[in-house]
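For the single chain, residues carry numbers from 1 onward in sequence order. Reckoned from all heavy atoms, side chains included, excluding hydrogens, waters and symmetry mates. First listed ligand is number 1; within each ligand, the first listed atom is number 1.
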Amino acid sequence: MSQQMQARILFNEQVGPDVFRMVVEAPEIAKEVKSGQFFHVRCGAEYDPLLRRPISIHQYRSKTGELFFLYQVKGKGTALLSQMRPGEYVDLMGPLGNGFSLKKGNGLYVLVGGGIGIAPLLSVAQDIKKQGFEIVTLLGAQSRSHVYVEDDFRLYSDQIFIWTVDGSSGLKGLVTHMLPEVIRTCNINQILTCGPHGMLKEVAQQAMAANIPCQVSLEEKMGCGVGACLSCACSIKVPEDSAFTYKKVCVDGPVFEAEEVIWDEE
Ligand SMILES: Cc1cc2nc3c(=O)[nH]c(=O)nc-3n(C[C@H](O)[C@H](O)[C@H](O)COP(=O)(O)OP(=O)(O)OC[C@H]3O[C@@H](n4cnc5c(N)ncnc54)[C@H](O)[C@@H]3O)c2cc1C
Ligand code: FES
């Protein structure tokens with residue numbers, strides 16, 4: 001169940017030019033979180049920024065009671081978060097949202113992550129490996145210095161392919177260039193993806209065209225994080241109808257089935 005808590009920071013280390021990994025102690029919560037859920041994080045002790053910031057669960061360790069977050073410094077909130085030190089306490093509200101649901105089958109899982117969107121996928125990779133399934137991971141970034149925690153993904157992935165836009169690491173181009181080949185050559189249970197909107201749309205369209213179940217984790221700016229303010233509304237298809245309805249990314253998502261999302265909207 002979601003709650004507000006003060007969690008002690010164990011580590012808050014820089015793992016990329018603008019990316020940090022924070023590990024906190026939250027033994028009760030680490031037992032009940034689900035991959036793909038997020039926490040609404042209070043980033044400073046003062047009232048600026050007033051609103052909490054949503055950050056996904058990057059990894060969880062039920063045995064040691066640790067929660068991991070991987071976050072990119074974008075503005076004031078995340079900059080303040082990056083200045084917090086081990087031993088200090090961070091104010092967390094969560095776990096929030098629905099999380100990924102693994103679709104069972106006798107095939108493998110494909111993870112597609114772009115930029116900092118890779119954050120929630122490591123935890124899913126861990127879940128899938130625990131259940132003994134094979135994983136093909138495709139990670140995309142602008143350049144070598146924006147490829148984060150690659151070694152952690154290697155631990156769980158049977159095959160991993162890195163794509164950078166400038167070709168400074170791995171293959172040159174967009175991560176979605178490889179998906180048609182993976183779809184053609186593998187027996188896939190499900191594709192799970194998180195990253196920039198354009199990438200999600202492309203992954204979703206390829207998965208839908210091949211009739212492969214696909215879950216996408218969406219990002220919207222959030223106010224309350226608990227379904228009260230409507231700032232995170234997105235339009236979602238009504239099944240067997242041409243109409244659409246609004247859903248809240250914070251409580252109905254952030255994970256949606258690819259075919260539910262209205263992709264043409266920007
Ligand atoms: C469900 C969910 C999970 C997320 N998980 C992570 C995560 O694990 N790691 C991570 O680094 N980031 C994650 N984000 C994005 C993160 O919440 C934003 O980057 C953060 O709120 C920016 O706050 P700020 O105060 O640093 O920047 P601000 O000053 O608020 O904004 C800086 C820039 O980021 C843009 N921005 C702000 N909020 C969002 C948002 N929600 N989505 C897209 N752009 C935004 C603003 O338009 C602005 O251009 C997640 C977002 C959502 C909705
Ligand atoms: S953030 Fe307030 S309703 Fe979703």
Do other residues, nucleotides or ligands put more than 12 heavy atoms under 6.0 Å from the CD atom of Gln131?
yes

Does the N or O separation between Met222 and ligand 1 drop below 3.5 Å for any pair?
no

Is it true that atom NZ of Lys237 has more than 12 heavy atoms of other residues, nucleotides or ligands lying nearer than 6.0 Å?
yes

Heavy-atom proximity to atom 53 (C) of ligand 1 ranks first, among Lys74, Lys76, Glu220, for Glu220

Checking side-chain contact (heavy atoms from CB on, under 4.5 Å) against Tyr71, which of His58, Arg21, Met22 comes through?
Met22

Are Arg8 and Glu25 within salt-bridge range, i.e. N to O under 4.0 Å?
yes

For atom 3 (S) of ligand 2, what's the nearest protein heavy atom and its distance?
Leu230 N, 3.1 Å

Could you tell me which atoms of ligand 2, counted from 1 in the order shown, lie closer than 4.0 angstrom to a heavy atom of Ser231?
1 (S)

Starting from atom 1 (S) of ligand 2, which protein heavy atom do you reach first, and at what distance in Å?
Gly225 N, 3.2 Å

For the rings on Phe39 and Phe69, is their centre-to-centre separation under 6.0 Å?
yes

Between Gln190 and Leu102, does the side chain to side chain contact (heavy atoms under 4.5 Å, CB included) criterion hold? Intermediate values first, please.
CA-CA 8 Å; Gln190 195 178 25; Leu102 295 183; 4.0 Å; yes

Of all the atoms in Cys229, is at least one N, O or S atom closer to atom 4 (Fe) of ligand 2 than 2.8 Å?
no

Atom 11 (O) of ligand 1 - nearest protein heavy atom and its distance:
Gln72 N, 2.7 Å

Cys250 heavy atoms, cut-off 4.0 Å: which ligand 2 atoms fall inside?
1 (S), 3 (S), 4 (Fe)

Identify the closest protein heavy atom to atom 12 (N) of ligand 1: which residue and atom is it, and at what distance?
Ile55 CD1, 4.1 Å

Please say whether Thr78 places an N or O atom under 3.5 Å from an N or O atom belonging to ligand 1.
yes

Counting non-hydrogen protein atoms only, what is the nearest one to atom 43 (C) of ligand 1? Give residue, atom name and distance.
Glu219 OE1, 3.2 Å

Here's a test for you: under side-chain contact (heavy atoms from CB on, under 4.5 Å), which of Ile191, Val112, Ile188 qualifies with Cys214?
Ile191

Any N, O or S atom of Cys224 closer than 2.8 Å to atom 4 (Fe) of ligand 2
no

Going by the 4.0 angstrom heavy-atom rule, the piece of Val249 near ligand 2 is neither

Side chain, backbone, both or neither: which applies to Ala228 and ligand 2 if a contact is any heavy-atom pair less than 4.0 Å apart?
backbone

List every atom of ligand 2 that sits less than 4.0 Å from any heavy atom of Gly227, numbering the atoms from 1 in the order shown and giving each element.
3 (S)

Looking at Phe38, which atoms of ligand 1 are within less than 4.0 Å of one of its heavy atoms?
1 (C)

Check for me, please, whether Leu67 and Ile55 land in the same ILVMFWY cluster - side-chain distances under 4.5 Å, paths through other members count.
yes

Check: of Asp18, Leu70, Ile116, Val19, min heavy-atom distance to atom 7 (C) of ligand 1 comes from Leu70

Would you please test Tyr60 and Asp127 for side chain to side chain donor-acceptor pair (under 3.5 Å) and show each step?
CA-CA 10 Å; Tyr60 60 93; Asp127 293 347; 2.8 Å; yes

Full working for side chain to side chain contact (heavy atoms under 4.5 Å, CB included) between Leu138 and Thr176:
CA-CA 8 Å; Leu138 310 179; Thr176 46; over 6 Å; no

Would you say atom 48 (C) of ligand 1 has a protein heavy atom nearer than 4.0 Å?
no

Between Pro49, Pro54, Ala119, Ser56, which one has a non-hydrogen atom sitting closest to atom 13 (C) of ligand 1?
Pro54

From the list Ile135, Val136, Leu108, side-chain contact (heavy atoms from CB on, under 4.5 Å) with Gln159 holds only for Val136

Any chance CG of Asn211 has more than 12 other-residue heavy atoms, nucleotides or ligands included, within less than 6.0 Å?
no

Looking at atom 21 (O) of ligand 1, tell me if a protein heavy atom falls under 4.0 Å from it.
yes

What protein heavy atom lies closest to atom 28 (P) of ligand 1? Include the residue and the distance to one decimal.
Gly75 CA, 4.1 Å

For atom 39 (C) of ligand 1, closest protein heavy-atom neighbour:
Lys221 CG, 3.8 Å

For atom 30 (O) of ligand 1, which protein heavy atom lies nearest, and how many Å away is it?
Arg53 NH2, 3.4 Å

Just verifying a value: how many Å separate Leu111 CG and Ser157 OG, rounded to the nearest 0.5 Å?
6.5 Å

Of all protein heavy atoms, the one nearest atom 4 (Fe) of ligand 2 is Cys232 SG, 2.3 Å

Would you call Arg144 and Asp166 a salt bridge, taking side-chain N to carboxylate O under 4.0 Å as the test?
no

Per-atom contact, atom 26 (O) of ligand 1, protein heavy atoms, under 4.0 angstrom
yes

